[in-house]
Amino acid sequence: MRGWLVLILSLGFAASAAAAELIGPKELEAGWFDGRTISTTGPRGGKSQFVFAKDGKVTRTGGRAGSSGDGTWRLDDDGFCMKLGQAKRESCYLAMKDGDGALKVIRRSGGAFTWTR
């Protein structure tokens, strides 16, 4: 039963992702990483603000206790990566344009596996 639930949720996510448009790094840089404040809402409803400066610095305010701070950002081949506060390593993200012009930003947690026989 649990396996079916995972399959159904995965298919639902894939269908909604197919309707969204992937935003490339250059479009992110031009349209979003321009020094203006970006308001964010997390998956659990938490709110915070980011400012991505053109010089590669990022500032986060709001959010849960201890999550605010300064850091750095950079573009990569598919999206962007950033490292905030005391994080030991950077996290990388993909951005997809939603139907209402907002972006859905999704953390990439690692590389793909290749299985062969």
Using atom types as modelled and distance alone, determine if a side-chain donor or acceptor of Arg60 lies under 3.5 Å from a backbone N or O of Gly69. no
By salt bridge (charged side-chain N to carboxylate O under 4.0 Å, His left out), which residues pair with Asp70, not counting sequence neighbours? none
May I ask you to say whether Glu29 pairs ionically with Lys54, meaning some side-chain N is under 4.0 Å from a carboxylate O? no
What residues form a side chain to side chain contact (heavy atoms under 4.5 Å, CB included) with Thr41, not counting sequence neighbours? Lys47
Evaluate the side-chain proximity of Val58 to Val51: yes if any heavy-atom separation is below 4.5 Å, no if none is. no
With rounding to the nearest 0.5 angstrom, report the CD to NZ distance, Glu27 to Lys97. 4.5 Å
Side chain to side chain contact (heavy atoms under 4.5 Å, CB included) between Phe50 and Thr40: does it pass, once the steps are laid out? CA-CA 8 Å; Phe50 283 94; Thr40 67; 3.5 Å; yes
By ring pair (Phe, Tyr, Trp, His ring centres under 6.0 Å), which residues pair with Phe33, not counting sequence neighbours? Phe52, Trp73, Phe80
Please find the pair of heavy atoms, one from Ser48 and one from Thr61, that lie closest to each other, and give the distance. CB-O, 3.2 Å
Partners passing side chain to side chain contact (heavy atoms under 4.5 Å, CB included) against Asp55 (at least two apart in sequence or in another chain): Ala53, Lys57
Closest non-hydrogen atom pair, Pro25 against Gly79: CB-O, 3.6 Å
Side chains of Arg74 and Met82: does their closest heavy-atom pair fall under 4.5 Å? no
Working to the nearest 0.5 angstrom, can you tell me the gap between Arg108 CZ and Cys81 SG? 5.5 Å
Only counting residues at least two apart or in another chain, list the ones meeting salt bridge (charged side-chain N to carboxylate O under 4.0 Å, His left out) with Lys83. none
Return the CG to CD distance between Leu103 and Glu21, rounded to the nearest 0.5 Å. 10.0 Å
Please round to the nearest 0.5 Å and tell me the distance separating atom CD1 of Ile23 and atom CG of Leu94. 11.0 Å
With Arg89, which residues qualify under side chain to side chain contact (heavy atoms under 4.5 Å, CB included), at least two apart? none
Measure across Ala95 and Leu22 and return the closest heavy-atom pair with its distance rounded to 0.1 Å. O-CD1, 3.4 Å
Rounded to the nearest 0.5 Å, what's the gap from CZ on Arg36 to CD on Gln49? Could you check? 15.0 Å
